Amino acid sequence: MTTAILLVMGSSRVRAGERVGGEGRQVTRTPMETESPTVRGDTPAPGGRRPRAWVEQPRAWRAAATTEPGRLRIVGALLALLVVAFGAVTAWQITERSAAADDVIHHSGPLSARAADIYRSLADADATAAGGFLAGGDDPAQDRERYARDIEIASRNIAEAAASSEDSAQARARLERLNQRLSVYTGLVERARANNRQGFPVGGAYLRRANRMMNEEILPDAKQLWTIETARLGEDYEDAKALPLAAWALGAVGLGALVWAQRRSYRRTHRVFNPGMVAGTVATAVVLLWLVAGHGVARAKLDESYAHGAQSLQVLNEARIQTLQARGNENLTLVARGGGDAYSAAYDRQLQGLAGTDADGRTGLLAQALDLADDDRGRKSITSAMEAAKAWWGLHGEARTKDDEGNYLDAVAQTIGGTYEDGKRPEQYTGFCFDQVDTNLERAVAHEQQEFERAAADGRGALGGLVPGAAALAVLGAAGAVLGIGRRLSEYR
């Protein structure tokens with residue numbers, strides 16, 4: 001009877017050595033049998049020892065995770081992590097794109113423009129030196145001033161570009177060569193002038209040597225420098241327009257997770273709205289929409305800045321340089337006194353590259369610039385340049401005819417102005433047409449530079465405020481999600 005009661009109750013302990021009898025049998029319990037410890041009703045630990053904390057704690061966590069409060073805590077933690085990560089990645093990626101857009105406006109853009117100015121001023125100095133030489137004796141004052149101004153602009157821009165190109169070994173190497181060779185070039189020009197003032201024919205040889213150095217050594221380095229800086233500008237454009245894919249993906253995942261959490265809450269409680277999670281969802285959606293819209297506007301403005309600003313400037317600067325080189329070769333054709341066939345052929349190539357075959361305006365750099373111009377002001381300047389280039393082509397042909405017929409002084413007058421041998425003045429001369437082409441191209445460059453800066457600034461401005469806004473809204477969104485989950489947890493207390 002006693003044994004039966006003990007088996008049924010299962011709660012009485014038998015002391016060590018106690019005899020339990022029944023039906024003439026005695027059972028003796030040893031201390032090991034009567035006092036084997038258990039762990040909270042679980043299977044006894046091997047050897048009768050309690051499990052260590054690092055084993056027992058994960059069991060407790062797993063057990064808690066299987067309860068609804070535990071699941072809610074996990075959901076809340078994941079939601080907060082996703083929303084905060086979304087805000088952080090958005091701030092990081094937009095900061096990088098804003099920095100690239102800022103470089104377009106304040107670093108690579110100005111460097112590209114400065115390199116183009118170096119290229120243009122050097123070509124203009126060469127053309128002006130040749131034009132002044134044709135006048136004979138002392139160069140006209142306006143030619144000397146223009147030449148000196150070109151050399152000063154080139155020297156200053158070379159020094160400024162060297163200070164801003166510390167991170168480009170290629171650019172530094174070309175700037176160093178430009179600086180060294182420019183002093184040699186100016187020395188040759190001064191020798192040519194000195195001999196020309198004294199009427200020595202060797203002055204022409206010095207000038208041709210200076211021109212050869214300019215076209216074979218100096219201008220190629222200047223063009224390569226311009227190419228390097230223009231490529232850097234293109235890289236900054238690509239960095240500024242790069243899609244923030246990681247931020248978009250995290251935003252979509254975070255928004256989807258918040259919607260899923262609210263749907264889960266509704267299915268368990270039949271409550272349509274959880275204020276905290278609704279606030280978190282709205283904050284996340286606002287950041288995502290702001291990111292998509294802001295980057296979309298910035299990308300469109302940067303595309304506009306490149307297509308109708310940077311790209312147009314590249315074509316126009318190339319057109320100005322072709323114009324100046326054509327003018328230099330036109331002058332040197334006469335300086336060579338019958339030996340200028342190579343210069344004349346170079347003029348033909350350059351002017352046709354500028355204004356098309358026979359300066360028809362249907363092909364060439366001016367036609368490209370006209371296609372890229374997006375307003376009447378820009379188109380008007382380019383159209384005027386095309387008309388002047390066509391007139392220049394015709395007058396150049398007349399000057400070549402006079403020179404070929406032996407009327408050298410008439411050819412010079414037709415080229416730089418002055419009077420014919422009979423004392424008459426030409427109604428128009430090629431130098432006037434050249435000035436018209438160059439002046440109109442200068443206006444077009446100034447206009448497109450303004451358009452470039454305006455559109456690029458608009459692109460950068462579209463990203464303004466997104467970084468601090470995304471960070472603040474992400475924190476609010478995470479807080480809303482945590483508070484929403486906390487409200488559900490309070491129902492279990």
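Everything numeric in this text was worked out from a predicted model, so none of it was measured.
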Cationic tip of Lys301 above Tyr306 ring, under 6.0 Å, 45° of axis: no
Before we go on, tell me: are the rings of Phe86 and Trp248 under 6.0 Å apart, centre to centre? no
Side-chain donor-acceptor pairs of residues 452-466 under 3.5 Å, sequence neighbours excluded:
residue : atom : partner : partner atom : Å
Glu453  : OE2  : Gln449  : NE2          : 3.2
Arg454  : NH1  : Asp458  : OD2          : 3.4
Arg454  : NH2  : Glu304  : OE2          : 3.1
Arg454  : NH2  : Glu451  : OE1          : 3.2
Arg460  : NH1  : Asp102  : OD1          : 2.6

Regarding Arg232 and Glu235, does a basic nitrogen lie under 4.0 Å from an acidic carboxylate oxygen? no
Stepwise salt bridge (charged side-chain N to carboxylate O under 4.0 Å, His left out) test for Lys402 and Glu405: CA-CA 5 Å; Lys402 292 179 185 300; Glu405 292 174 350; over 6 Å; no
I'd like to know if Asp438 and Arg320 make a salt bridge, using a cut-off of under 4.0 Å between side-chain N and carboxylate O. yes
For Asp117, is there an ion pair with Arg114 - N to carboxylate O distance below 4.0 angstrom? no
For Phe133, does the six-membered ring have the charged nitrogen or CZ of Arg193 within the cation-pi criterion, i.e. under 6.0 angstrom from the centroid and within 45° of the normal? no
May I ask you to say whether Arg400 pairs ionically with Asp404, meaning some side-chain N is under 4.0 Å from a carboxylate O? yes
Is it true that Arg377 and Asp375 have a side-chain N and a carboxylate O under 4.0 angstrom from each other? no
Side chain to side chain donor-acceptor pair (under 3.5 Å) partners for His295, two or more places apart: none
With heavy-atom distances below 4.5 Å as the criterion, would you say the side chains of Arg177 and Arg174 are in contact? yes
Salt bridge (Lys or Arg N to Asp or Glu O under 4.0 Å) filter on Asp374, not counting sequence neighbours, yields none
Should Arg120 and Asp126 count as an ion pair when the cut-off is N to O under 4.0 Å? no
Does the pair Glu176/Arg172 count as a salt bridge with the N-to-O cut at 4.0 Å? no
Would you call Arg327 and Glu330 a salt bridge, using N to O less than 4.0 angstrom? yes
